[in-house]
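Just so you know, these numbers use all the heavy atoms, side chains as well, and skip hydrogens, waters and symmetry mates. Start at 1 with the first residue, then count along the sequence.
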Amino acid sequence: MTIEEILLGETKDIEFKEDIPPKSERYMKTVVAFTNCSGGRIVFGIENNTWRITGFNKEEVFRKMDAITNAIFDSCEPKITPNVNIQQIEGKYIIIVDLVEGMQKPYYIKKQGMVAGAYIRVSGTTRSAEKYQIQEMILDSGNRSYDQGKVDRELSDTDIELLCERFYHHALELCQTEEARRNLKRIGKN
C-alpha cells in the first residue's frame with residue numbers, strides 16, 4: 001500500500017481503522033461485507049477521515065495481527081480465512097487484511113445469526129443485508145436460480161406445442177428481413 005493509495009481514502013473495497021476496536025464486532029461487519037461482495041482490504045493503523053498514519057510499534061504489531069486473525073476466524077460463519085500482512089510506512093507498521101469474495105455466501109457474524117449478521121458493502125460504507133439479498137446470496141452460492149427450481153407440475157404435449165408456437169411467432173416478430181423470416185425454423189418438443 002502506498003501513501004498515494006492511502007490519500008485516496010476509503011472506497012468500496014478499502015476501509016481504514018486507526019486501531020483494533022475493543023469489540024471485534026465493530027470491524028467484523030466490514031469483514032463480512034467484503035466477503036459477501038467482491039472482496040476488499042481493511043488497513044489498521046490509519047486514522048479514518050484524516051488518513052494520517054498512526055501505525056503500531058514492532059512489539060505490538062504481531063500480537064495485533066494474531067488477534068485480528070483469530071477474531072475473524074472465530075466470529076464469522078462460514079469460516080473466513082483472511083490474508084494478514086504488515087507493511088512499514090514512515091517508520092510505522094500498518095496491518096493489511098485482504099479479504100477475497102467468498103464462495104459460500106452469505107457470510108455473517110455468528111453471534112448475530114444469518115439474518116441480522118449478514119452485511120454488504122455499498123460505496124464506502126457497510127450496510128445490513130436485506131432479506132432478499134441474503135436469499136440471492138444463498139441461491140448464487142449454490143449456482144441455482146429461481147428458474148432452476150423444481151416445480152410440481154407436469155406439462156402436457158399440448159402445453160409444450162403451444163409454447164413452441166409462441167416462441168416461433170415471437171421470433172417472427174423479431175425478424176427484420178423477409179429472408180430471415182424464410183430461414184426461421186420451428187422448434188418442437190424434442
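Note that CE of M28 and CD1 of I68 are 9.0 Å apart. Values are rounded to the nearest 0.5 Å. Note that CG of L99 is 11.5 Å distant from SG of C37, once rounded to the nearest 0.5 Å. Atoms CD1 and NZ, on I86 and K92 in that order, are 15.5 Å from each other to the nearest 0.5 Å. Summarising the geometry, atom OG1 belonging to T35 is positioned 11.5 Å from atom CZ belonging to R121; distances are rounded to the nearest 0.5 Å. Expressed to the nearest 0.5 Å, how far CG of D19 lies from CG of N48 amounts to 13.0 Å. The line from CD1 of I94 to CD1 of I89 is 3.5 Å long, rounded to the nearest 0.5 Å.
Criterion: ILVMFWY side-chain heavy atoms under 4.5 Å apart, direct or through other members. Under it, L7 and V43 are part of a common hydrophobic cluster. Cluster annotation: I46 is connected to I3 through the hydrophobic network of ILVMFWY side chains, with a link wherever side-chain heavy atoms come within less than 4.5 Å. Under a hydrophobic-cluster definition in which Ile, Leu, Val, Met, Phe, Trp and Tyr are linked whenever side-chain heavy atoms come within less than 4.5 Å, directly or via other members, I42 and I95 are assigned to the same cluster. Put simply, I96 and W51 are part of the same group of oily side chains (I, L, V, M, F, W, Y) that touch within less than 4.5 Å, one to the next. Linking ILVMFWY side-chain heavy atoms closer than 4.5 Å, directly or via other members, places Y93 and Y27 in a single hydrophobic cluster.
With hydrogens and angles ignored, the 3.5 Å screen pairs no side-chain donor or acceptor of E173 with any backbone N or O of H170. For S75 (side chain) and I72 (main-chain N/O), no donor-acceptor pair under 3.5 Å exists by modelled atom type.
Between D74 and K110 there is no salt bridge, since no side-chain nitrogen of the basic residue lies less than 4.0 Å from a carboxylate oxygen of the acidic one. With salt bridges taken as basic N to acidic carboxylate O contacts below 4.0 Å, one links E178 and R181. Using a 4.0 Å cut-off between charged nitrogen and carboxylate oxygen, K105 and E136 do not count as a salt-bridge pair. In summary, D13 and R41 do not engage in a salt bridge, as defined by a charged side-chain N under 4.0 Å from a carboxylate O.
The two residues V32 and A118 come nearest to each other via the heavy atoms CG1-CA, 4.3 Å. Heavy atoms only, all atoms of each residue included: F62 and K58 are closest at CD1-O, 4.0 Å. Contact record, I80 with C76: CD1-CB, 3.7 Å, taken as the closest heavy-atom pair. Scanning both residues, I53 and I6, for their nearest heavy atoms gives CD1-CD1, 4.0 Å. The minimum heavy-atom distance between M65 and V84, with the atom names listed, is CE-O, 3.6 Å. When every heavy atom of E10 is checked against every heavy atom of G124, the shortest pair comes out as OE1-O, 4.2 Å.
Side-chain atoms of T158 and E161 include no donor-acceptor pair closer than 3.5 Å. A donor-acceptor pair shorter than 3.5 Å cannot be found between the side chains of D66 and T69. There is a side-chain donor-acceptor pair under 3.5 Å between Y119 and Q112. Side-chain contact check for E165 and H169: at least one donor-acceptor pair (N or O, by modelled atom type) lies under 3.5 Å. T30 and K17 are not linked by any side-chain donor-acceptor pair at a separation below 3.5 angstrom, with hydrogens and angles left out of the test.
With a 4.5 Å cut-off on side-chain heavy atoms, N183 and E179 count as touching. Side-chain contact check for T126 versus I120: every heavy-atom pair is 4.5 Å or farther apart. Counting heavy atoms from C-beta on, the side chains of Q133 and P106 never come closer than 4.5 Å.
Counting heavy atoms of neighbouring residues, nucleotides and ligands inside a 6.0 Å radius, atom CZ of F167 does not exceed 12 of them.
With sequence neighbours excluded, no residue forms a salt bridge (Lys or Arg N to Asp or Glu O under 4.0 Å) with E5.
Annotation: cation-pi geometry satisfied between K79 and F73 (NZ/CZ under 6.0 angstrom from ring centroid, within 45° of ring axis).
Two rings, from F16 and F44, have their centers 6.0 Å or more apart.
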